[in-house]
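Okay, structure first, notes after.
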Amino acid sequence: MIGFVDLLLRPEEDLAVIRDWKFRSSLPRPEDLALDPQLCLYGEMVRRRHPWAKRVRAEHYMPPIAERVQVEITPERSLSTAASAHRIS
């Protein structure tokens, strides 16, 4: 998997928000976003690189309609996704 975090925000002392800009006309459902492997891997990378990030939130932000969907990326979910990606590679 190849990708880049579009924007990493720190709106609170222990919160990292991974913003992924999307340019389509419909928003994903939060439950689908929570299972997005790319965002879960980003969440794990953020936790490893930034120890202050006790909470990680991922969001798809859609500038054309000025809307966003956010979900918490739990450590369990990001570790599970990272382990699955490692088995595939």
Side-chain angles (χ1 to χ4, degrees):
M1 182 181 304
I2 297 173
F4 299 92
V5 171
D6 292 326
L7 182 64
L8 181 63
L9 302 166
R10 188 178 185 180
E12 298 172 24
E13 188 66 27
D14 67 342
L15 174 63
V17 176
I18 301 164
R19 179 171 286 175
D20 194 14
W21 283 302
K22 297 296 180 188
F23 293 90
R24 51 181 186 247
S25 59
S26 63
L27 290 169
R29 297 178 314 160
E31 52 272 20
D32 293 334
L33 193 61
L35 298 175
D36 183 297
Q38 185 176 16
L39 292 176
C40 288
L41 286 172
Y42 288 166
E44 181 58 23
M45 289 186 286
V46 165
R47 279 191 180 85
R48 289 181 184 196
R49 180 160 177 123
H50 303 290
W52 53 263
K54 305 299 183 213
R55 299 178 298 141
V56 177
R57 191 174 297 150
E59 69 176 34
H60 276 188
Y61 180 72
M62 309 189 68
I65 59 174
E67 294 286 337
R68 73 175 139 214
V69 174
Q70 292 185 332
V71 294
E72 287 290 318
I73 301 295
T74 64
E76 298 78 21
R77 182 69 196 146
S78 59
L79 284 172
S80 170
T81 302
S84 295
H86 180 43
R87 283 194 301 274
I88 293 169
S89 62

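Keep in mind it's a predicted model, so treat the numbers as computed, not measured.
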_Side-chain heavy-atom pair Arg19, Val5 within 4.5 angstrom cut-off_ = no
_ILVMFWY cluster membership beyond Leu9 - transitive side-chain contacts under 4.5 angstrom_ = Leu7, Leu15, Val17, Trp21, Phe23, Tyr61
_Arg24: which residues meet the side-chain contact (heavy atoms from CB on, under 4.5 Å) condition with it, sequence neighbours left out?_
Lys22, Pro28, His60, Met62
*Nearest 0.5 Å please: distance from the CD atom of Glu44 over to the OG1 atom of Thr74.*
10.0 Å
_salt bridge (charged side-chain N to carboxylate O under 4.0 Å, His left out) between Lys54 and Glu13, intermediate numbers included_ = CA-CA 9 Å; Lys54 305 299 183 213; Glu13 188 66 27; over 6 Å; no
Name each donor-acceptor pair under 3.5 Å that joins a side chain in residues 65-73 to protein atoms two or more places apart or in another chain, with its distance.
{"from": "Gln70", "atom 1": "NE2", "to": "Glu59", "atom 2": "OE1", "distance (Å)": "2.5"}
{"from": "Glu72", "atom 1": "OE2", "to": "Arg57", "atom 2": "NE", "distance (Å)": "3.1"}
{"from": "Glu72", "atom 1": "OE2", "to": "Arg57", "atom 2": "NH2", "distance (Å)": "3.2"}

*Check side-chain hydrogen bond (donor to acceptor under 3.5 Å, both in side chains) between Asp32 and all other residues, then give those that pass, not counting sequence neighbours.*
Arg29
*Val46 versus Ala16, closest heavy-atom pair with distance*: CG1-CB, 3.7 Å
*Quick one: pull up OH in Tyr42 and CG in Asp6 and give me the separation to the nearest 0.5 Å.*
7.0 Å
*asked:* Could you tell me if the side chain of Glu12 sits less than 4.5 Å from the side chain of Arg55, heavy atoms only?
replied: yes
